[in-house]
Amino acid sequence: MTPELPLDQVRTLLAVIDEGTFDAAAAALHVTPSAVSQRVKALEQRTGRVLLVRTKPVRATESGAVVVRYARQLARLERDAYAELGLGAEDEKPRRVSVAVNADSLATWFLDALTRVERTPLLCFELHREDETNTAELLREGRVMAAVTSSPEPVTGCSVRPLGRMRYLAAATPDFVGRHLDGPLRDTLPHAPVMTFDRSDDLQDAFVRTLRRGRGAASAVRHAVPTSEGFVEAVALGLGWGMLPEIQAQPLLEAGRLIQLAPERPVDVPLYWQQWKLDSPALAVVAEAVATAASGALRGRT
């Protein structure tokens with residue numbers, strides 16, 4: 001027989017994760033720390049799994065993340081049900097929609113999507129900036145309700161729909177090209193200073209490999225700028241070459257501030273929208289607004 005997950009225990013686990021400690025969770029729930037500890041232990045006994053790593057702050061284990069996601073979904077359904085029944089208090093807090101989104105989408109088209117959302121009842125957005133290859137992890141952990149991701153494989157309990165392809169162009173300033181790229185691109189580019197977003201950014205290395213039949217990488221002389229706008233500005237100032245979103249690169253190319261290094265080799269990154277499988281009006285409205293904005297800003301859907 002499948003064990004039941006008592007709501008008070010599930011909510012207590014969520015409070016511990018959100019507050020970071022057992023004591024803080026106890027204060028938030030208006031119970032004693034001992035009661036919090038007992039509920040969490042009882043839930044672990046029911047599931048037969050360790051759900052928390054008792055560090056400061058407390059972290060969910062892989063099994064704990066599943067229960068946390070379940071708790072957040074329950075809380076969302078409960079709030080939506082109360083709102084539809086007209087049972088919310090007059091001072092009810094706005095409905096919060098948490099979304100993970102990559103920096104380039106955030107800097108180009110995603111905020112426009114949020115302006116299209118009808119905010120009645122009142123909605124507020126909580127955005128988590130994360131690389132598109134990692135946003136799905138926030139869904140698995142239950143930290144967000146939806147995500148812009150590069151993965152077409154749905155996270156357990158989530159649905160997925162294609163948004164389109166974000167095109168990237170290799171670019172550098174004319175002066176940079178004259179100083180560092182005087183020769184065949186496949187030979188000179190691997191030695192030229194390069195921009196990266198952070199240490200996990202592989203886009204520039206992948207582009208070099210396309211020039212060299214899968215071998216090599218970009219230069220060891222690499223500058224890391226962890227904001228989309230700062231990354232573009234650094235390339236425009238000649239600090240290094242980089243892969244820029246077409247939306248941001250086009251005005252600079254037209255103005256002559258940048259040169260496209262390999263016009264025949266654009267790189268398209270497919271983007272998908274993943275969200276919890278919930279009958280949530282607020283989440284549905286946001287999903288439609290995101291899809292509409294993406295259709296106008298990205299290349300054809302994958």
Side-chain angles (χ1 to χ4, degrees), residues 100-113 129-136 147-152 162-174 176-177 180-181 185-186 188-190 192-214 216-219 222-273 290 293-302:
V101 57
N102 61 304
D104 289 338
S105 291
L106 189 59
T108 52
W109 63 272
F110 191 82
L111 291 180
D112 179 58
R129 190 189 68 186
E130 186 60 82
D131 183 84
E132 65 271 13
T133 60
N134 298 325
T135 50
V148 176
T149 173
S150 61
S151 174
L163 293 175
R165 304 187 308 275
M166 177 166 277
R167 174 158 290 186
Y168 288 83
L169 309 177
T173 65
F176 184 92
V177 171
H180 297 284
L181 303 176
L185 198 62
R186 67 182 305 276
T188 58
L189 196 63
V194 62
M195 301 304 306
T196 62
F197 190 81
D198 55 29
R199 292 186 179 183
S200 65
D201 180 8
D202 185 54
L203 197 56
Q204 285 69 217
D205 293 313
F207 180 75
V208 169
R209 289 193 291 271
T210 67
L211 298 175
R212 299 174 63 83
R213 298 181 180 179
S219 172
R222 51 183 66 203
H223 309 290
V225 179
T227 69
S228 184
E229 298 86 350
F231 186 101
V232 173
E233 184 62 17
V235 173
L237 291 174
L239 194 59
W241 73 273
M243 303 296 297
L244 306 182
E246 182 180 40
I247 304 170
Q248 293 173 303
Q250 204 60 50
L252 296 169
L253 293 169
E254 293 173 357
R257 293 186 61 190
L258 292 178
I259 294 175
Q260 190 173 348
L261 301 183
E264 75 286 358
R265 291 179 180 271
V267 175
D268 288 349
V269 175
L271 296 179
Y272 301 85
W273 175 257
V290 168
S295 67
L298 303 179
R299 293 203 166 237
R301 295 185 181 183
T302 53

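We use all heavy atoms of the structure for the numbers below, so side chains are in, but hydrogens, waters and symmetry mates are not. Quick caveat: nothing in here was measured; it's all calculated off a predicted structure.
By the side chain to side chain contact (heavy atoms under 4.5 Å, CB included) test, T196 is found to be paired with D201, Q204, R222, A224, residues two or more places apart in sequence or in another chain being considered. Residues forming a side chain to side chain contact (heavy atoms under 4.5 Å, CB included) with V225 (at least two apart in sequence, or on another chain): M195, T227, A234. By the side-chain hydrogen bond (donor to acceptor under 3.5 Å, both in side chains) test, S105 is found to be paired with N102, W109, residues two or more places apart in sequence or in another chain being considered. Taking A171 as the reference, L244, L258 meet the side chain to side chain contact (heavy atoms under 4.5 Å, CB included) condition, with sequence neighbours excluded. Listed by chain and residue number, D104, Q248 satisfy the side-chain hydrogen bond (donor to acceptor under 3.5 Å, both in side chains) test with S228 (two or more places apart in sequence, or in another chain). Judged as a side chain to side chain contact (heavy atoms under 4.5 Å, CB included), and not counting sequence neighbours, the contacts of R209 are D202, D205, A206. With sequence neighbours excluded, no residue forms a side-chain hydrogen bond (donor to acceptor under 3.5 Å, both in side chains) with W241. Scanning for salt bridge (charged side-chain N to carboxylate O under 4.0 Å, His left out) contacts around D268 gives R165, R167, with sequence neighbours left out.
Screening residues 224-233 for salt bridge (Lys or Arg N to Asp or Glu O under 4.0 Å) gives no qualifying pairs among residues at least two apart or on separate chains. Among pairs with a residue in residues 236-253, those fulfilling salt bridge (Lys or Arg N to Asp or Glu O under 4.0 Å) read E246-R299, at least two apart in sequence or across chains. For residues 234-244, no residue pair satisfies the salt bridge (Lys or Arg N to Asp or Glu O under 4.0 Å) rule, not counting sequence neighbours. Identified under the side-chain hydrogen bond (donor to acceptor under 3.5 Å, both in side chains) test for residues 251-266, with sequence neighbours left out: none.
When all heavy atoms of L261 and L185 are compared, the closest pair comes out as O-CD2, 3.5 Å. Heavy atoms only, all atoms of each residue included: M243 and Y168 are closest at O-CD2, 3.8 Å. Of all heavy-atom pairs between F197 and A103, the closest is CZ-CB, 3.5 Å. Taking both residues in full, the closest heavy atoms of L253 and I259 are given as CD2-C, 3.7 Å, listed atom of the first, atom of the second, then distance. Nearest heavy atom pair, residue F207 against residue A262, reads CZ-CB, 3.8 Å. Of all non-hydrogen atoms in P266 and L169, the two that sit nearest each other are CB-CD2, 4.0 Å.
Between the side chain of T149 and the main chain of T135, no donor-acceptor pair closer than 3.5 Å is present.
Here the OG atom belonging to S151 is positioned 11.0 Å from the CG atom belonging to N134, to the nearest 0.5 angstrom. The CG atom of L111 sits 5.0 Å away from atom CG of L106, with the distance rounded to the nearest 0.5 Å. Once rounded to the nearest 0.5 Å, the distance linking CG of L237 with OG1 of T173 reads 9.0 Å.
With contacts defined as side-chain heavy-atom distances shorter than 4.5 Å, the pair D131/D198 does not qualify.
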